[in-house]
Engineer: 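Below: one structure in structure tokens.
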Amino acid sequence: MKIKTKINNNKFIYGDLLKHNNSQPTIFLLSGFSGGRYLPLFELASNYFFNHNFNVLKFNFCADPDDPEQAENALALKDMTFSVYLSELKNIIDKIIDPNQKIILIGHSFGSVISILFLDKYKKYKKQTELILWDQSHLPWDKKEMENDFEFDAQQKIYNEKKGGLSLNKIFFKELITVDTLNIFQSLNKKTCIVAAENSADQDAQKYFDKTDNKKNSELHIIKKAGHLFETKESQKELFQITLDFITDVRQEK
């Protein structure tokens with residue numbers, strides 16, 4: 001089912017919802033700056049978890065050049081700040097989820113940052129939400145590298161990527177080089193499943209796991225010979241099975 005949710009100033013969030021019923025948990029798939037609605041990994045994950053009786057929602061926070069259906073009334077990346085990201089996620093959860101329905105946040109790449117910050121800001125969702133990180137990002141990003149990669153347009157007050165098409169506003173640029181997601185993650189003291197790719201974010205995954213105060217109940221998995229997008233069938237199968245096992249164990253404990 002296609003969804004189109006109004007946020008503000010006649011802007012909309014676009015997504016796809018695979019739904020059984022409100023008695024089943026809903027998995028939110030979040031990736032990249034845009035949200036990764038059309039990420040091939042998420043296409044496969046949506047069908048896999050739906051076939052295991054979960055509701056699944058994947059959506060874009062802002063305009064994505066890979067989304068053939070997205071209209072001009074979606075926010076642009078240059079409009080985004082963490083406050084916008086988190087309020088968008090809250091807005092769509094409140095519209096899709098019943099108050100007592102279970103939520104599973106699967107944050108891939110930058111989506112992991114959004115998932116962590118969301119649970120930190122909106123603590124009322126923490127009890128009903130499970131947290132899973134797939135080849136996660138972590139902040140802060142290196143200031144010198146960011147200033148080398150981006151050029152500031154003083155007239156438009158925008159940072160433009162020198163060798164790419166990304167444009168970031170001043171607030172978001174500063175957030176990316178100052179927010180400490182490792183310490184925020186530690187403060188959550190949340191049972192978490194962390195799954196990283198050996199050829200990508202395995203070292204950052206270990207940093208997250210080292211930070212958690214809930215090691216006894218949390219999990220760290222490194223998938224061998226896998227890249228950031230878990231491109232092979234073998235790595236995808238392992239990724240999905242690890243995730244399903246974690247979710248199943250959590251549900252059986254409650």
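Position 1 is the first residue of the sequence; numbering continues from there.
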Engineer: Run the side-chain donor-acceptor check on residues 74-92: report pairs under 3.5 Å with partners two or more places apart or on a different chain.
Structural biologist:
residue: Asp79; atom: OD2; partner: Ala76; partner atom: N; Å: 2.9
residue: Thr81; atom: OG1; partner: Ser83; partner atom: N; Å: 3.4
residue: Thr81; atom: OG1; partner: Val84; partner atom: N; Å: 3.3
residue: Tyr85; atom: OH; partner: Phe33; partner atom: O; Å: 2.7
residue: Ser87; atom: OG; partner: Ser83; partner atom: O; Å: 3.0
residue: Ser87; atom: OG; partner: Val84; partner atom: O; Å: 3.0
residue: Lys90; atom: NZ; partner: Asp94; partner atom: OD2; Å: 2.9
residue: Asn91; atom: ND2; partner: Lys6; partner atom: O; Å: 3.4

Engineer: Are Phe50 and Tyr48 close enough that their ring centers fall under 6.0 Å?
Structural biologist: no
Engineer: Which residue pairs satisfy the salt bridge (Lys or Arg N to Asp or Glu O under 4.0 Å) criterion with at least one member in residues 19-29, sequence neighbours excluded?
Structural biologist: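 For residues 19-29, and leaving out neighbouring residues, there are no salt bridge (Lys or Arg N to Asp or Glu O under 4.0 Å) pairs at all.
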Engineer: Check Asp210 with Lys207, please: is the shortest side-chain N to carboxylate O separation under 4.0 Å?
Structural biologist: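 Looking at Asp210 together with Lys207, the answer is no, because their closest N to O distance does not fall below 4.0 Å.
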Engineer: Which pairs with one or both residues in residues 38-56 pass salt bridge (Lys or Arg N to Asp or Glu O under 4.0 Å), sequence neighbours excluded?
Structural biologist: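 Listed once each, the pairs are Glu43-Lys58.
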Engineer: Assess the residue pair Gln241 and Asp245 against the criterion (side chain to side chain donor-acceptor pair (under 3.5 Å)); give the C-alpha distance rounded to whole Å, side-chain angles, the decisive distance to 0.1 Å, and a yes or no.
Structural biologist: CA-CA 6 Å; Gln241 188 63 58; Asp245 289 346; 2.8 Å; yes
Engineer: Mind jotting down which residue pairs meet the salt bridge (Lys or Arg N to Asp or Glu O under 4.0 Å) criterion with at least one end in residues 217-240? Sequence neighbours excluded, please.
Structural biologist: Glu198-Lys224
Engineer: Determine whether Leu44 and Gln236 satisfy the following criterion, side-chain contact (heavy atoms from CB on, under 4.5 Å), listing intermediate values before the conclusion.
Structural biologist: CA-CA 9 Å; Leu44 295 169; Gln236 291 162 2; 3.3 Å; yes
Engineer: Could you see if Ile171 belongs to whatever hydrophobic cluster contains Phe61? Use Ile, Leu, Val, Met, Phe, Trp, Tyr and a side-chain cutoff under 4.5 Å.
Structural biologist: no
Engineer: Can you list the residues that meet the side-chain contact (heavy atoms from CB on, under 4.5 Å) rule with Asp213, with sequence neighbours excluded?
Structural biologist: Gln186, Asn189
Engineer: Once you measure the plane-to-plane angle for Tyr125 and Phe118, does it fall in the parallel (<30°), tilted (30-60°) or perpendicular (>60°) bin?
Structural biologist: tilted
Engineer: Which pairs would a plain distance check flag for residues 149-160, meaning a side-chain donor or acceptor within less than 3.5 Å of a matching protein atom at least two apart in sequence or in another chain?
Structural biologist:
residue: Asp153; atom: OD1; partner: Gln155; partner atom: N; Å: 3.0
residue: Asp153; atom: OD1; partner: Gln156; partner atom: N; Å: 3.1
residue: Asn160; atom: OD1; partner: Ser167; partner atom: OG; Å: 2.7

